[in-house]
Protein chains: 2
Amino acid sequence: MDTQANLRKVGLKATGPRMRILELFFNSDGGHLTAEDVFKRLLDEGEDIGLATVYRVLTQFEHAGLLVRHHFETGRAVFEFNQGDHHDHIVCFQCGRVEEFFDDVIEHRQKEIAEARGFVVRDHALYIYAECTRTDCPHRPGE
Amino acid sequence: MDTQANLRKVGLKATGPRMRILELFFNSDGGHLTAEDVFKRLLDEGEDIGLATVYRVLTQFEHAGLLVRHHFETGRAVFEFNQGDHHDHIVCFQCGRVEEFFDDVIEHRQKEIAEARGFVVRDHALYIYAECTRTDCPHRPGE
DNA sequence: GTATATGCAAAACTTTTGCATCCTT
DNA sequence: AAGGATGCAAAAGTTTTGCATATAC
């Protein structure tokens, strides 16, 4: 991934902090990170970065369409890499794991419902909160 | 509505603040209120109430099943009266109006999707963000 | 070289907690 | 009377902003 080119493409200067943050999301394999998560990881990597910069960059990336901001039930914003494909989320109550899915039936039905009520859909967010029945559920609440 | 009886039913003492807050939601016709909204309305009514109490009572009501807490994209929690019937939301980008709906197809599909992936659904939240095409859209962003 | 981005510190905002007093049962 | 609930103030947690310095182009 040419981080520098990707930043320029969306009209942002290719600065150090921006490149590190974008790479972090690119390498995190669809992970959902809070501003604090990003900040700590960069500190761990030995970066000299400020939390304010992280917040500013995350917001810029959201506006540029590089990241998507979500509001889970924690009250804190989490960000994920925008792979272009829209998808919804299943969040495990027990281990906090987030799995993604996309379903045509649901997507379609939403559009119908909204239009029948005189709305034009611009976006939507569907979160299913569930219990993970898998044996490999790490069961580590609070992380 | 017998506010006093409703509170006792869920095991809470029928105190002044709790009764006022429950009545507020009952009379607000399905309105979605933040803690701050509730606090201000009670102050306007001349109540001597603290914001901390509002937060405590709202959380108690949520646990008791009297209210439902939502996280819209604002970052602040909003509460609504729990009428027992689950429903999802269409939020108008322009006027902020929230319309509710329930759709069996979507409900069913969610259950199927989650179970196919080894999850047992406990709850879910679906928010459709849309533009209101109605002529009576008040168009008052920021309220 | 110039405009923008950054780090730090301080502020703003939402929510929680400690504690003395008050109220419900 | 006893225990829980309240208001106030202070704290904790998240996000934003002001400003001097540093960096990208």
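Note on naming: letters A, B, ... go to the chains in the order of the sequence lines (proteins, then strands), and numbering restarts at 1 for each one. Worth knowing before you read on, the calculation uses all heavy atoms, side chains too, and leaves out hydrogens, waters and symmetry mates.
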Undergrad: Would you tell me whether B:R69 and B:T59 have side-chain atoms, one donor and one acceptor, within less than 3.5 Å of each other?
TA: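 On atom types as modelled, these side chains qualify, holding a pair under 3.5 Å.
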Undergrad: As a test of reading the structure: which of C:dT25, D:dT15, D:dT6 is closest to the side chain of B:T15, going by heavy atoms?
TA: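 Nearest listed nucleotide: D:dT6.
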Undergrad: To the nearest Å, how far apart are B:F39 CZ and C:dT14 C1'?
TA: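 In whole Å, C:dT14 C1' and B:F39 CZ are 13 Å from each other.
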Undergrad: If we ignore angles and hydrogens, is there a donor and acceptor under 3.5 Å between the side chains of A:T34 and A:D37?
TA: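 Side-chain D/A pair, A:T34 to A:D37: present.
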Undergrad: If you assign B:K13 and B:H71 each to the DNA chain C nucleotide with the nearest heavy atom, which residue ends up on the more 5' nucleotide?
TA: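 Looking at DNA chain C, the more 5' nearest nucleotide goes with B:H71.
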Undergrad: Please report, rounded to the nearest Å, how far the P atom of C:dT25 is from the CD atom of B:Q4.
TA: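 Atom-to-atom, B:Q4 to C:dT25, this comes out as 6 Å.
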Undergrad: For A:M19 and D:dC25, what is the distance between atoms CE and P respectively, to the nearest whole Å?
TA: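 Rounded to the whole Å, the gap is 8 Å.
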Undergrad: What is the separation between atom CZ on B:R8 and atom P on C:dC23, rounded to the nearest whole Å?
TA: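 These atoms are roughly 17 Å apart.
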Undergrad: A:I49 has a side chain; which of C:dG7, C:dT14, D:dC8 sits nearest to it?
TA: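 Among the listed nucleotides, the one closest to the side chain of A:I49 is C:dG7.
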Undergrad: Which of these nucleotides, C:dG7, D:dC25, D:dT15, is closest to any side-chain atom of A:P17?
TA: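 My answer, after comparing the listed nucleotides, is C:dG7.
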Undergrad: Could you give the CZ-to-P distance, from A:R76 to C:dT15, as a whole number of Å?
TA: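 Rounded to whole Å, this separation is 14 Å.
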Undergrad: Reading DNA chain C from 5' onward, which residue's closest nucleotide shows up sooner: B:E36 or B:A14?
TA: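 The answer here is B:E36.
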Undergrad: For the pair B:K111 and B:E115, find out whether any cationic side-chain nitrogen is under 4.0 Å from an anionic carboxylate oxygen.
TA: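 The answer is yes: the pair qualifies as a salt bridge.
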Undergrad: So, is B:T34 close to the C:dT14 phosphate, meaning a side-chain N or O under 4.0 Å from OP1 or OP2?
TA: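 Answer is no, no contact under 4.0 Å.
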Undergrad: Heavy atoms, side chains only, cut-off 4.5 Å: are B:H124 and A:Y127 in contact?
TA: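 No; the side chains remain at least 4.5 Å from each other.
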Undergrad: When you check the side-chain N and O atoms of B:H89 and B:E99, is any donor under 3.5 Å from an acceptor?
TA: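 Side chains of B:H89 and B:E99: no pair found under 3.5 Å.
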Undergrad: Please state how far atom CG in A:L22 lies from atom C1' in C:dA5, giving the value in whole angstrom units.
TA: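 It works out to 16 Å between those atoms.
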Undergrad: Starting at CZ of B:R69 and ending at C1' of C:dT15, how long is that distance when rounded to a whole Å?
TA: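 Whole-Å distance recorded here is 9 Å.
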Undergrad: Between D:dG4 atom C1' and B:L7 atom CG, what is the distance in whole Å?
TA: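 In whole Å, D:dG4 C1' lies 14 Å from B:L7 CG.
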Undergrad: Do the two ring centres, one from B:F102 and one from B:H87, sit under 6.0 Å apart?
TA: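 B:F102 vs B:H87: aromatic centres not under 6.0 Å.
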Undergrad: Between A:F25 and A:F79, what is the ring plane arrangement, given parallel below 30°, perpendicular above 60°, and tilted in between?
TA: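 Ring orientation, 0 to 90° scale: perpendicular.
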Undergrad: Near DNA chain C, counting only heavy atoms under 4.0 Å, which residues of residues 51-63 of chain B show up?
TA: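 Here the set is B:L51, B:A52, B:Y55, B:R56.
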Undergrad: A:A77 side chain: which of D:dT15, D:dA24, D:dG3 is closest?
TA: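 Among D:dT15, D:dA24, D:dG3, the one nearest the side chain of A:A77 is D:dT15.
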